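Hydrogens, waters and symmetry mates are skipped; everything else that's a heavy atom, side chains included, is used. Here the structure is a predicted model, which is why all the values come from computation and not from measurement. Lettering follows sequence order; numbering is per chain, from 1.
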Protein chains: 2
Amino acid sequence: MTLSEEDYIKAIYHLSQIDNKSVATNAIAEQMKTKPSSVTDMVKKLSEKSLVNYKKYQGVSLSEKGRLVALSIIRKHRLWEVFLVDKLNFSWDEVHEVAEQLEHIKSDALIDKLDAHLGFPKVDPHGDPIPTKDGTFKKSIKKLISELPVLSEGVCVGVNDSSASFLKFLDKNKIALGDTFKILDREEFDGSVSISTRSGTIRISEQIASNLYLEISDTE
Amino acid sequence: MTLSEEDYIKAIYHLSQIDNKSVATNAIAEQMKTKPSSVTDMVKKLSEKSLVNYKKYQGVSLSEKGRLVALSIIRKHRLWEVFLVDKLNFSWDEVHEVAEQLEHIKSDALIDKLDAHLGFPKVDPHGDPIPTKDGTFKKSIKKLISELPVLSEGVCVGVNDSSASFLKFLDKNKIALGDTFKILDREEFDGSVSISTRSGTIRISEQIASNLYLEISDTE
DNA sequence: AAATAAATTTAGGCAAACCTAAAAAATTGT
DNA sequence: ACAATTTTTTAGGTTTGCCTAAATTTATTT
Ligand SMILES: [Mn+2]
Ligand SMILES: [Mn+2]
Ligand SMILES: [Mn+2]
Ligand SMILES: [Mn+2]
């Protein structure tokens, strides 16, 4: 598989996670920063290789084979992110671009040994689960703060938007994965939310709330 | 720079180290496992970019700019080799292929942090020196065993041939970098050499002797 | 149910990196 | 010196991944 094919497979995987429908050509083009006509070319090729199911004008979805390829690339991407943060002291907002390259290195032995070296991590620096070698992985039961009712309590386990600017914002406001939050109150007017943390109570905008995942520890 | 351009630059660098003449098209083709006509294409492109000096039919040599590019790729290659052996427990005969890929990852921060993580190593697992960031590096005064006179003594610091089969041979015969050897005797007939090691005296063929470097500690 | 708009595909091209076959230049042998 | 051989370059193609412009299909309005 070429680097480009791998990135397309990964893009299709991520887009199909959003809702469970087949993925539109334009959506892939936007994600991959190419033109729709280029996407059509590539989708045809992936279809020939049985990595995707494709019917003209009907959008595209990953085949089982394609899904396993996607998970293996995501596994590599996330393991490298752990390496960059844990071993090389990168901050979590700096790792994406480099991991985007490292995920394409071809060597099964490499990724197994890297996994061992890192102590078989279960999640990456952004709280996203790392698929196992055989392509299984547990989606945690996590919810966006914006989708949780008032008085919910839970551990912050992930981000929706992992852009450097958002991650830097979190650092500046002392919000980190692993912190326990309680939703105290939600403002009708603008959807902003008041949450209590170890270090006090803060108010976050709807935009922030819709980009932070909590793993809810039963509120009872 | 593309991956392919980088590999060409590296090949030209290595070939020009052998003797100090300009490098022949056919030699590059052999090294790169392509056809001479492809080499001509690429050399023209590198020449446009002022990375090599090239005149038709006259062979090619690296410009100063090209030399620095070569050294930066070699630096990355060798640092990754150290990482693979020291941190991921690869054996020294397994690392070349993966390092061949890793050397092309683009990120200055990555290579600086990797260097620090490894403790700023001076040589790679095959005893080859690691160029510094600014492209200087010390060629050690090392000589092939086949070129040294009888009774020379020194530390084994490098290999000429780093193919997996040769490295495996060394492991099997308990020859490792850092070992101290003394050349006891050389057979006129076949060039084979008798050397004393910590673990006793062994006889090595001319072919082996011409692939092992010693750093000679003055014999006086 | 048209008409309009949006999404998607097709057609035709381009650059990178390779190829084969043929031509040209350099080297070697006599 | 000049014929034969070797090396190198040129000419013309291929594949991959991208592009623009035009055609086609599907979706949305009116
Ligand atoms: Mn990628
Ligand atoms: Mn991540
Ligand atoms: Mn390489
Ligand atoms: Mn090496």
Side-chain angles (χ1 to χ4, degrees), chain A residues 1-16 18-62 66 69-70 73 100-101 103-106, chain B residues 1-13 15-16 18-19 21-62 66 69-70 73 100-101 103-106:
Chain A
M1 295 214 52
T2 68
L3 186 149
S4 196
E5 288 174 340
E6 289 186 348
D7 279 340
Y8 270 96
I9 290 286
K10 200 166 56 121
I12 295 167
Y13 177 87
H14 284 312
L15 290 167
S16 64
I18 295 169
D19 43 14
N20 253 30
K21 291 181 305 211
S22 68
V23 179
T25 302
N26 276 358
I28 299 171
E30 194 185 349
Q31 177 89 8
M32 294 294 296
K33 290 172 181 163
T34 66
K35 302 293 161 175
S37 53
S38 304
V39 173
T40 302
D41 284 351
M42 179 57 88
V43 159
K44 278 180 181 169
K45 190 165 56 134
L46 295 175
S47 179
E48 301 257 299
K49 295 189 176 187
S50 312
L51 291 161
V52 301
N53 308 117
Y54 170 62
K55 267 185 294 183
K56 267 192 202 180
Y57 296 101
Q58 305 295 186
V60 66
S61 64
L62 290 182
V69 169
I73 301 163
E100 200 58 48
Q101 298 178 60
E103 70 189 358
H104 302 289
I105 303 289
K106 262 99 189 154
Chain B
M1 297 215 50
T2 68
L3 187 148
S4 195
E5 287 173 341
E6 289 186 348
D7 280 339
Y8 271 95
I9 290 285
K10 201 166 54 118
I12 294 166
Y13 177 86
L15 289 167
S16 64
I18 295 169
D19 42 15
K21 291 181 305 209
S22 68
V23 180
T25 302
N26 276 358
I28 300 170
E30 196 185 346
Q31 177 89 7
M32 294 293 297
K33 290 171 181 164
T34 65
K35 303 292 161 174
S37 53
S38 304
V39 173
T40 301
D41 284 351
M42 178 58 86
V43 159
K44 279 180 181 169
K45 189 163 56 132
L46 295 176
S47 180
E48 301 257 300
K49 296 189 176 187
S50 312
L51 290 160
V52 301
N53 308 118
Y54 170 63
K55 266 184 297 183
K56 268 193 201 179
Y57 295 103
Q58 305 296 165
V60 66
S61 64
L62 290 182
V69 169
I73 302 163
E100 199 57 48
Q101 298 178 60
E103 70 190 358
H104 303 289
I105 302 290
K106 262 99 189 153

message: Quick check on DNA chain D: between A/Lys33 and B/Lys55, whose nearest nucleotide comes earlier from the 5' end?
response: B/Lys55
task: Please determine if a side-chain N or O atom of B/Tyr57 lies less than 4.0 Å away from the OP1 or OP2 oxygen of C/dA23.
output: no
- request: Counting heavy atoms from C-beta on, name the nucleotide in C/dT20, D/dT9, D/dC18 closest to the side chain of B/Lys35.
  value: C/dT20
message: Using a 4.0 Å heavy-atom cut-off, does B/Ser38 contact any base of the nucleic acid, only the sugar-phosphate backbone, or nothing at all?
response: base
- prompt: Of all the choices, C/dT8, D/dC19, C/dC18, which nucleotide is nearest to the side chain of A/Thr34 once you look at every atom?
  reply: D/dC19
- prompt: Nearest heavy-atom pair of B/Val52 and B/Ile9: which atoms, and what distance?
  reply: CG1-CD1, 4.4 Å
message: So, does B/Asn26 get its side chain near the phosphate of D/dT8, meaning an N or O under 4.0 Å from OP1 or OP2?
response: yes
Residue-phosphate contact under 4.0 Å: A/Tyr54 side-chain N/O, C/dT8 OP1/OP2: no
field: Sugar-phosphate only, base, or nothing, as touched by A/Thr25 at under 4.0 Å among non-hydrogen atoms
entry: sugar-phosphate
statement: Per atom distances to the A/Thr2 side chain, the nearest of C/dA26, C/dC18, D/dT16 is D/dT16
query: Among the nucleotides C/dC18, D/dT16, D/dA11, which one has an atom lying closest to any side-chain atom of B/Ser37?
result: D/dA11
- prompt: Around A/Asp19, counting heavy atoms of other residues, nucleotides and ligands shown, do more than 12 lie under 6.0 Å from its CG?
  reply: yes
field: Euclidean distance, atom CG of residue B/Asp41 to atom P of D/dG12 [Å, nearest integer]
entry: 14 Å
task: Mark yes or no for whether B/Lys106, through its side chain, and B/Met1, through its backbone, hold a donor-acceptor pair below 3.5 Å.
output: yes
- request: Would you indicate what B/Thr40 reaches in the nucleic acid, counting non-hydrogen atoms under 4.0 angstrom: base, sugar-phosphate, or nothing?
  value: base
message: Whole angstroms only, please: what is the CD-P distance between B/Glu5 and C/dA16?
response: 8 Å
query: Got a donor-acceptor contact below 3.5 angstrom from the B/Thr25 side chain to the B/Val39 backbone?
result: no
task: Name the nucleic acid region contacted by A/Lys44, choosing base, sugar-phosphate or nothing; use a 4.0 angstrom heavy-atom cut-off, strictly under.
output: sugar-phosphate
- request: Decide yes or no for A/Tyr8 and A/Thr2: does some side-chain heavy atom of the first lie under 4.5 Å from some side-chain heavy atom of the second?
  value: no
- prompt: Heavy atoms under 4.0 Å, any strand shown: does A/Ser4 hit a base, just sugar-phosphate, or nothing?
  reply: sugar-phosphate
